[in-house]
Structures are given as structure tokens and as C-alpha cells.
Protein chains: 2
Amino acid sequence: MRARIEDVAAAAGVSMKTVSRVFNREPNVREETRLRVEEAARQLNYRPNTSARSLAGRRSYLVSLLYDNPSPSYIMEVIEGVLAACEQSHYGLTLRPVDFGQRGHVESVETLISQYRPDGLILTPPLTDDAALVRRLRELNVRYATISAKRDGGGIGATLDERAAAADMMAHVVALGHRRIGHIAGAWRLAGYLDGLRQAGIEPDPDLVVEGEFSFESGIAGARQLLDMADPPTAIFAANDDTACGVLYEAAARGLRVPEQLSVFGFDDTPISRQVWPSLTTVRQPSREMGRIAAQQLIAAIDGHGPAHMVRVPYQLQIRHSTGPAPRR
Amino acid sequence: MRARIEDVAAAAGVSMKTVSRVFNREPNVREETRLRVEEAARQLNYRPNTSARSLAGRRSYLVSLLYDNPSPSYIMEVIEGVLAACEQSHYGLTLRPVDFGQRGHVESVETLISQYRPDGLILTPPLTDDAALVRRLRELNVRYATISAKRDGGGIGATLDERAAAADMMAHVVALGHRRIGHIAGAWRLAGYLDGLRQAGIEPDPDLVVEGEFSFESGIAGARQLLDMADPPTAIFAANDDTACGVLYEAAARGLRVPEQLSVFGFDDTPISRQVWPSLTTVRQPSREMGRIAAQQLIAAIDGHGPAHMVRVPYQLQIRHSTGPAPRR
DNA sequence: TTGTAAGCGTTATCAT
DNA sequence: ATGATAACGCTTACAA
């Protein structure tokens with residue numbers, strides 16, 4: 001049968017409590033004792049029983065990841081990172097898909113909480129900026145970390161300076177000679193777009209900004225609107241890669257060559273950006289890393305081991321084949 | 001504080017054990033008693049404590065999903081289905097990424113088992129056909145269900161007749177006039193490719209079949225090999241959508257128009273198949289549904305509620321824009 | 001620094 | 001058909 005804490009205690013010649021202290025990294029254990037316990041545990045291949053730990057400790061050792069449905073590859077990357085951090089700290093992970101737009105989505109999260117009693121939550125966009133949800137979590141006194149929140153109200157988690165990234169991207173195409181640059185927005189990367197224009201001394205044209213919603217379809221719709229203009233843009237900045245793919249699709253349908261006749265760039269560096277022709281110029285965010293950091297910060301906050309922060313991670317421009325010199329007019 | 005089984009028992013005027021019987025659908029409870037207990041539980045908003053249940057019952061009420069890394073969107077769909085089934089049966093879900101090729105991947109699964117003690121596992125391709133892993137699971141007497149296993153050795157889970165699907169796809173392009181059809185294989189969809197040729201009375205040419213590994217890169221490599229032939233194919237059947245995208249990429253790089261000069265088709269109907277130009281002809285498999293079914297069958301086997309099976313689900317050809325009439329020679 | 005004893009909320013066992 | 005009581009393996013509170 002499986003070794004219990006009692007067995008380890010006996011083998012190490014100490015009490016159960018001491019073994020417990022070692023495994024929970026509590027203070028007040030002599031170094032020598034600790035080593036003896038660790039050796040005994042290894043010998044017996046001891047693994048703490050999670051259920052017993054939860055029951056006695058009145059906590060679940062569970063972290064819950066809430067996501068709406070941005071891109072599957074994005075979420076899978078985040079999951080990888082979160083899983084890595086959880087593993088290391090002996091926490092489990094529960095997944096919770098949430099329908100952001102839906103009525104009752106906050107209640108669905110409350111159900112999750114009362115059923116699984118997670119020790120903390122991790123929010124991904126767009127849930128990070130769901131005011132109703134966040135307010136309720138505060139009321140319920142449930143800990144949470146955020147990934148890429150628009151506003152980090154002094155919370156914990158991981159962010160990236162999307163505005164600066166967007167502005168850098170703009171500088172890239174401006175350097176290629178583009179002056180009329182369209183934007184299919186999903187709201188917040190817009191600020192960087194405007195910064196980029198301003199820094200280049202280009203007057204923003206409101207007609208060049210159309211609403212999007214981070215989907216392939218809105219990329220097609222946005223591209224149509226922009227390309228049908230009397231004076232169409234020579235470059236289009238899509239708010240994410242899926243949208244950029246929609247632009248690419250519409251361009252191909254019109255027989256427009258990219259990047260010779262139209263430059264296109266996205267955001268996120270999802271795998272699809274490498275798997276389309278031409279491959280997509282985009283901004284890479286270290287999603288896996290951000291998942292890992294958010295989970296680490298959350299667990300640190302739960303365990304009270306050291307202070308938890310909002311960590312800013314670096315971005316990276318990925319210049320590929322969908323951007324090129326502006327065409328002569 | 002949260003209601004316990006004891007509170008419900010008191011409120012219903014019965015013993016704890018009777019409440020336990022009701023919640024676990026055990027026999028030997030009078031209908032009237034059952035109703036009284038259920039009413040009391042509702043009044044008190046009682047939810048069984050999972051940790052206590054696991055500890056006392058010596059089972060985890062946990063199902064674990066093992067995946068390597070086919071496409072993220074595929075796994076996300078499967079997860080959705082599995083989650084839905086788990087929710088319904090009050091089981092939790094644990095995720096376990098496994099490096100199929102890696103040394104020690106079986107040990108990593110054993111670690112998962114000894115740590116989380118899941119009541120059952122769900123295997124996705126290519127782990128479904130990992131002989132070493134499956135053998136070990138049998139030895140350890142660990143229950144598992146499979147999704148899209150090549151060989152269903154009398155196991156439980158969900159499958160789809162990939163061979164027939166591949167053959168149907170072949171019939172489609174043969175009807176379009178193609179005779180030289182290449183295949184970038186990842187092993188098992190090959191049988192359907194050969195069936196399709198045979199049914200059309202076309203002699204298979206071994207040179208037209210190249211090895212792939214279900215990746216974008218192998219699509220590029222395979223396409224190069226096939227298109228560099230003296231007598232190149234007019235159509236290429238890629239073993240999955242990612243590979244097909246690689247073919248599309250290479251075709252674009254060579255200035256080959258699809259489908260006018262080359263037809264391409266894939267397998268899986270991942271979102272990318274709609275987001276490339278031209279959109280991809282492919283086979284749709286109901287991944288979400290398969291996840292749900294596999295989890296249901298697994299849980300049925302665990303709980304012993306009725307017999308569990310290997311369920312065959314229907315596929316569907318998605319004819320899009322990447323296949324067209326064969327070019328004149 | 002280390003140990004003892006009393007739970008944690010449920011299910012299993014054995015009665016009735 | 002129902003109930004009393006002892007586990008289950010760990011942590012907490014308190015003691016030494």
C-alpha cells in the first residue's frame with residue numbers, strides 16, 4: 001500500500017507533525033531533521049494525500065483558470081504555464097470556461113467557487129476586465145490573479161505593455177514608408193496605434209479606424225470597409241492574429257498581393273501567424289510565461305510566502321512576410 | 001458556515017448514512033425518506049465536501065485527460081466535451097500534457113497517477129496508440145477511455161471511421177478528374193487513401209506517398225518532395241489540416257494557384273481550415289462530442305452504472321475552396 | 001525545536 | 001430499510 005505520513009515519521013524517527021512541517025516548508029525544523037525526513041520520504045516514495053490535506057487544512061490546494069474563448073492556442077499556452085507553476089507548488093488546476101457576454105456568467109463562477117472551493121482564481125482576457133465579475137470576487141473575498149488586464153488596479157498577475165508594443169509595430173511600418181495605415185480595433189490596442197501615428201507626425205484619420213471584435217470574420221468585414229474607401233490604406237493593423245488572417249483572406253479574394261500592394265500585421269503571434277501565406281508580422285507575447293507567472297504570484301499570495309506583484313513581461317516584434325515597403329502611388 | 005451531512009441528517013430526521021445513501025444513489029432507501037432528505041439538502045443548500053468524500057471513499061472523483069500536442073484547437077474542443085460530461089456526473093478534470101516521443105513519458109503518467117489518483121484516464125491521439133503506455137496502464141489496472149484510437153482493442157471511448165472518411169475524400173477528388181494524387185501520410189489515414197484509389201481503379205504509385213508527422217513543417221517538406229517530381233500530382237491529400245497548410249504555403253511560395261493548378265485537402269476541420277486562403281477542403285470530426293462521449297463512457301465504467309462501449313461517431317466532408325477540377329495536361 | 005491529541009466531513013463495516 | 005461507530009490521512013491547536 002501507499003506510504004502515509006505516519007510511515008515516514010516512523011522511518012525518520014520523528015513525529016507526524018515534524019514530517020508535516022517539512023513538507024509544508026514551515027519554520028522550526030532543524031536542518032539535520034529536515035534532511036532525515038526528506039530521505040525517508042524519498043525511500044518510501046511518499047506523496048501527501050491531497051484529499052486528507054484539503055480536509056484537515058480546510059483548503060483545496062486548487063487553482064481555477066477562468067477563460068472566455070479568445071483563441072484556443074492562446075489558452076493552451078497559458079494552461080501550460082499555469083500547469084507548470086501548479087505542479088511545482090503541489091497545487092491542482094481546474095478549468096472554467098465562462099461565457100462573458102452571457103447572462104448569469106457571474107453566477108456560474110459562484111457555482112464553481114462553492115463546488116470546488118479553489119484557493120484562488122486566474123483570469124484571462126476579456127474576463128480580466130469584467131467589472132461585474134471582479135466586483136463579486138472582491139465581495140466574496142476570493143483571491144485572484146490576472147493575465148493581461150487592461151487596468152491592473154493594484155492586483156497581482158502578469159501584464160505586458162500592449163500600448164508600447166502597438167506603437168513599436170507602427171514605427172516599423174512607418175519606417176517602411178506607409179502613411180495611410182488602417183486599424184481594425186478591438187478597443188485597447190488602439191491607444192498604441194494612435195501613439196505610433198503621433199510619434200511619426202501623421203494626422204490620425206478617424207475613417208481609418210474600424211471596429212472589430214478579435215475574430216476572423218471581423219477581419220474580413222474590416223478589410224472590406226477599409227479597402228473600399230476612396231483613398232484606401234496601404235497597411236492594416238489588425239488587433240490580433242485571427243483578425244489579421246481575415247484581412248489576408250479578403251486581400252487574397254480581391255487578388256491583392258501582400259505585402260507588395262498591402263501590408264498587414266497582427267498581434268499575439270499565435271501559431272497561425274506562421275502557417276499562413278505570407279507569414280504574419282505580429283507581436284509575440286510570452287503567453288506560457290505569463291500563465292506561469294500569474295499562477296506563481298497567486299500561489300505566493302495564497303501561501304503567504306513573500307509578497308505578490310503584478311509582473312510586467314517583455315514583448316517582441318516578429319517581422320515576417322506580410323509587411324513590406326509601401327507601394328508607390 | 002457551510003452545511004454538512006450531519007446537518008442534513010438532523011434536518012431530515014435520519015442518520016448520516018441515510019443521507020449518504022441518497023446522494024450516492026445507493027439502493028435500500030424508501031422513496032419517502034429519499035424525498036425528505038433531498039428536501040432538507042435543498043433547504044440547507046448542501047454540497048458534499050469532495051475532499052472528505054475522496055478520503056473516506058478512497059477514490060478521487062477525478063478524471064485525467066492525457067494529451068500530447070496535436071493542435072491546440074483540437075484539444076480545447078475535446079476539453080470542452082469532457083468538462084461537460086464531468087460536470088454532469090460531479091467529477092473533476094485534471095490535465096496532463098505528455099511528451100509522446102520523450103524518454104520517461106510513461107513514468108510521467110505514473111507520477112500523475114500516484115499523485116492525483118484519478119479514477120480514470122482519457123487518452124487522445126497519438127497516446128491512444130502508445131503501446132508502452134497502454135501496457136503499463138493495464139498492468140497498473142488503471143481504467144481508461146480512448147478518443148480516435150487506431151485499434152479499439154475492445155476498449156471504451158469514441159472513434160470515427162477515419163479510413164472510410166479518407167476514402168470518401170478521395171472519391172471527391174477523383175470525381176473532379178484527378179488521377180495522380182499525392183499523400184503526405186502520418187501513417188493511418190493511408191489505408192483510406194489506398195482504398196480510394198482502388199475504388200477508382202487507379203494503380204497506386206509508391207512515389208506519391210511521402211512520410212509526414214502531422215505538422216506544418218512536414219507539409220512544406222512533403223509538398224516540396226511531391227512537386228519536384230518529374231510527373232507531379234495534381235492533388236495532395238495531407239494527413240491533417242496543419243500539414244495541408246504547409247502544402248498551401250509551399251504552393252504559394254512557388255506561385256502555384258490553388259485549386260486551379262493544384263488541389264489540396266486535409267483532415268480534422270480545425271479552425272485554421274477556414275482561416276486560410278483558399279479555405280481548406282477537409283473532414284470534420286465532432287471533437288467536442290467525442291470528448292463528451294469518452295468521458296461519459298469512462299465515468300459509466302467507473303461508477304458501474306450500466307455497460308460502457310466504444311462509440312462510433314459520424315464524420316462529415318467539408319468541401320471548401322482548396323479542391324477543384326484537375327488541370328488539363 | 002519537536003510532539004500529542006483532537007478534529008476535518010465523509011464512507012465502510014457491521015449491527016439492528 | 002436504517003443506524004452507530006470506526007476509519008480515511010492529514011493539519012491545527014496546544015503542550016512540552
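Throughout, a chain's letter reflects where its sequence line sits, starting with A, and its residues are numbered from 1. All values below were derived from every heavy atom in this structure, side-chain atoms included, with hydrogens, water molecules and symmetry-related copies excluded. Just so it is clear, the structure is predicted and the values come from calculations on it, not from any experiment.
- For A:Glu26 and D:dC10, the CD to P distance is 14 Å, given to the nearest whole Å.
- Closest-nucleotide positions on DNA chain D for A:Ile5 and B:Thr33 were compared, and the one nearer the 5' end corresponds to B:Thr33.
- The distance between atom CE of B:Met16 and atom P of C:dT13, rounded to the nearest whole Å, is 16 Å.
- Residues from residues 50-61 of chain B placing a heavy atom under 4.0 Å of any atom in DNA chain D, listed by number, are B:Leu55, B:Ala56, B:Arg58.
- Taking 4.0 angstrom as the limit, A:Asn24 places a side-chain polar atom (N or O) nearer than this to OP1 or OP2 of D:dT11.
- Side-chain N/O atoms of B:Ser15 include none lying less than 4.0 angstrom from OP1 or OP2 on D:dT2.
- Taking atom CZ of A:Phe23 as the reference point, atom P of D:dT11 lies 10 Å away to the nearest angstrom.
- Taking atom CZ on A:Arg30 and atom P on C:dT1, their separation rounds to 9 Å, with Å as the unit.
- Per the geometry, CG belonging to B:Asp7 stands 9 Å off P belonging to C:dG9, to the nearest Å.
- Residue-level contact check: A:Tyr46 touches the backbone only, with heavy atoms under 4.0 Å from sugar-phosphate atoms and none from bases.
- To the nearest angstrom, C1' of C:dT1 lies 12 Å from CZ of A:Arg34.
- Counting non-hydrogen atoms under 4.0 angstrom, A:Asn28 reaches a base of the nucleic acid.
- Side-chain atoms of B:Lys17 and base atoms of C:dA12 include a donor and an acceptor less than 3.5 Å apart.
- Between the side chain of B:Asn49 and the main chain of B:Ser51, a donor-acceptor pair closer than 3.5 Å is present.
- The side chain to side chain contact (heavy atoms under 4.5 Å, CB included) test with B:Tyr144 is passed by exactly one of B:Val63, B:Val134, B:Leu66, B:Ile122: B:Val134.
- Contact annotation for A:Pro27: no contact, since no heavy-atom pair falls under 4.0 Å across all strands.
- Distances shown here put every side-chain N or O of A:Thr18 at or beyond 4.0 Å from the OP1 or OP2 atom of C:dT2.
- Comparing D:dT11, D:dG3, C:dT2 by their closest approach to the side chain of B:Val14 singles out D:dG3.
- The closest donor-acceptor contact from the side chain of A:Asp7 to the backbone of A:Ala3 lies at 3.5 Å or more, if one exists at all.
- One N or O on the side chain of A:Arg36 and one on the backbone of A:Ala12 form a donor-acceptor pair closer than 3.5 Å.
- Checked against side chain to side chain donor-acceptor pair (under 3.5 Å), A:Asp303 has the following partners two or more places apart in sequence or in another chain: A:Arg59, A:Tyr91.
- Cation-pi geometry between A:Arg53 and A:Tyr61 is satisfied (NZ or CZ under 6.0 Å from the ring centre, within 45° of the ring normal).
- Screening residues 72-83 of chain A for salt bridge (charged side-chain N to carboxylate O under 4.0 Å, His left out) gives A:Glu80-A:Arg288 as the qualifying pairs, with residues at least two apart or on separate chains.
- Between the CD atom of B:Glu31 and the C1' atom of D:dT2 there is a distance of 16 Å, given to the nearest Å.
- The distance from atom CZ of A:Arg21 to atom P of D:dA15 is 15 Å, rounded to the nearest whole Å.
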